[in-house]
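Order of the sequence lines sets the chain letters (A, B, ...), proteins ahead of strands, with each chain counted from 1.
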2 protein chains.
Amino acid sequence: MNGSEILAQRFTTWQAMEFNESDCLIRNVLDRLGDKWTMLIVIALNASPARFSKLQREIPDISKRMLSQTLRGLERDGLITRHVFATAPPQVEYRLAPLGRSILDPLAQLVLWAEIQQDEIRRARESYDDSVNEIDSAATKAPR
Amino acid sequence: MNGSEILAQRFTTWQAMEFNESDCLIRNVLDRLGDKWTMLIVIALNASPARFSKLQREIPDISKRMLSQTLRGLERDGLITRHVFATAPPQVEYRLAPLGRSILDPLAQLVLWAEIQQDEIRRARESYDDSVNEIDSAATKAPR
DNA sequence: CCGAATCCTTTTCGATACTG
DNA sequence: CAGTATCGAAAAGGATTCGG
């Protein structure tokens with residue numbers, strides 16, 4: 001079964017349960033993975049386990065609040081583990097759990113897709129924006 | 001190269017350019033794909049081309065506004081095409097473009113990952129929530 | 001039928017200040 | 001160092017109305 005067939009089959013199933021938001025698989029998963037920081041943190045922790053402040057340095061524009069919140073979400077879902085060392089000052093290290101490592105392959109597929117297609121997407125956007133501009137300028141010129 | 005190696009390598013590259021938000025590949029892509037409706041519509045159109053109102057029936061809880069907005073975004077990126085039939089009343093059909101079909105395989109990988117891991121994620125959440133509750137009740141009991 | 005425009009609510013996010 | 005708490009800004013989303 002290729003991707004299209006798999007998705008077509010799942011679509012029918014989800015439809016039958018009316019995409020019930022709480023137990024619809026894809027909505028649950030993509031809601032979590034699709035937020036602004038989750039995947040970036042998974043990728044950072046794949047590169048190497050890290051402490052809170054190291055992660056904050058590695059991802060320059062994340063705020064403490066979002067880093068903390070996203071890490072908690074990942075820990076809750078079992079994708080990462082949190083290790084506290086009772087030193088002074090305290091040290092907390094985050095690592096990818098097996099469940100977190102298991103998402104690296106599908107995630108990499110998505111990144112590869114983006115790399116391969118990015119030029120075509122850029123072209124599509126430019127051409128679309130151009131055609132919209134034409135309509136706009138025609139609309140502002142013609143009526144008078 | 002496996003997923004982990006691919007992502008580790010990309011991470012280094014992205015870091016070198018400081019994750020500049022406008023041209024950082026993964027942020028661009030996941031921002032688009034990760035929104036609430038985009039992937040659902042791609043999957044629906046994979047099942048079969050459809051008109052506006054059919055899509056709205058197939059995805060029960062999407063509003064006209066978001067359907068229209070999401071379709072425009074997908075068309076702009078070249079993932080779908082829009083065909084207008086000058087009938088009365090007008091009919092507009094949406095179809096997956098080749099670029100849109102090319103994302104079905106990576107997307108299906110993600111769905112399969114979610115299916116395989118969903119039980120483990122659910123268990124992780126329950127166990128996490130339980131441990132949080134213990135701490136909470138200890139905190140509200142002990143201090144008095 | 002398809003969709004744009006408007007208004008309003010909800011959610012997300014960042015800045016800042018504070019704690020163990 | 002590793003967070004939490006609070007607040008306000010901004011973005012996303014929904015309901016409704018209107019137009020071709």
Asks: Quick one: do A/Val42 and B/Ile6 end up in the same hydrophobic cluster if we chain Ile, Leu, Val, Met, Phe, Trp and Tyr together by side-chain heavy atoms under 4.5 Å apart?
Replies: no
Asks: Is the shortest side-chain heavy-atom distance between B/Arg122 and B/Glu126 below 4.5 Å?
Replies: yes
Asks: Are any non-hydrogen side-chain atoms of B/Leu71 and B/Phe52 less than 4.5 angstrom apart?
Replies: yes
Asks: Would you kindly give the NE2-to-C1' distance between B/His83 and C/dG3, to the nearest whole Å?
Replies: 18 Å
Asks: Of all of residues 63-80 of chain A, which get a heavy atom below 4.0 angstrom from DNA chain D, listed by number?
Replies: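 Residues of residues 63-80 of chain A that come under 4.0 Å of DNA chain D are, in numerical order, A/Lys64, A/Arg65, A/Ser68, A/Arg72.
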Asks: To the nearest 0.5 angstrom, please state how far the CG atom of B/Leu55 sits from the CG atom of B/Leu40.
Replies: 10.0 Å
Asks: Short of 4.0 Å, heavy atom to strand atom, which residues of residues 89-96 of chain B count as contacting DNA chain C?
Replies: B/Pro89, B/Pro90, B/Val92, B/Tyr94
Asks: Rounded to the nearest angstrom, tell me the gap between atom CG in A/Asp61 and atom P in C/dC13.
Replies: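 The distance from CG of A/Asp61 to P of C/dC13 comes to 12 Å, rounded to the nearest Å.
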Asks: Could you tell me if the side chain of A/Leu99 sits less than 4.5 Å from the side chain of B/Gln117, heavy atoms only?
Replies: yes
Asks: Using side-chain heavy atoms (C-beta onward) and a distance below 4.5 Å, is B/Trp37 in contact with B/Ile59?
Replies: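 B/Trp37 reaches B/Ile59 side chain to side chain.
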Asks: Does A/Asp35 or B/Lys54 map to a spot on DNA chain C nearer the 5' end, using the closest nucleotide for each?
Replies: B/Lys54
Asks: Please test A/Leu33 against A/Leu107 for side-chain contact (heavy atoms from CB on, under 4.5 Å), starting from the C-alpha separation and ending with a verdict.
Replies: CA-CA 10 Å; A/Leu33 305 185; A/Leu107 183 55; over 6 Å; no
Asks: In Å and rounded to the nearest 0.5 Å, what is the CH2 to CG distance from A/Trp113 to B/Leu104?
Replies: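 Between atom CH2 of A/Trp113 and atom CG of B/Leu104 there are 10.0 Å.
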Asks: Just how far is it from atom CD of B/Gln69 to atom CE of B/Met66, taken to the nearest 0.5 Å?
Replies: 4.5 Å
Asks: Nearest-Å distance, CD (A/Gln56) to C1' (C/dA15)?
Replies: 12 Å
Asks: Using the heavy-atom set of chain A and a strict 4.0 Å cut-off, write down the first and last nucleotide of DNA chain D that makes it in, 5' to 3'.
Replies: D/dC1 to D/dT6
Asks: Within this structure, what is the NZ-to-C1' distance between A/Lys36 and C/dG14, rounded to whole angstrom?
Replies: 9 Å
Asks: Passes side-chain contact (heavy atoms from CB on, under 4.5 Å), A/Val84 versus A/Arg82? Steps please.
Replies: CA-CA 7 Å; A/Val84 182; A/Arg82 179 171 179 275; 3.6 Å; yes
Asks: Taking the side chain as every heavy atom from C-beta outward, state whether A/Leu67 and A/Lys64 have any atom pair closer than 4.5 Å.
Replies: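 The answer is no, as the side chains (C-beta and beyond) never meet within the 4.5 Å cut-off.
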Asks: For A/Ile59 and C/dC13, give me the distance from atom CD1 to atom C1', rounded to whole Å.
Replies: 15 Å
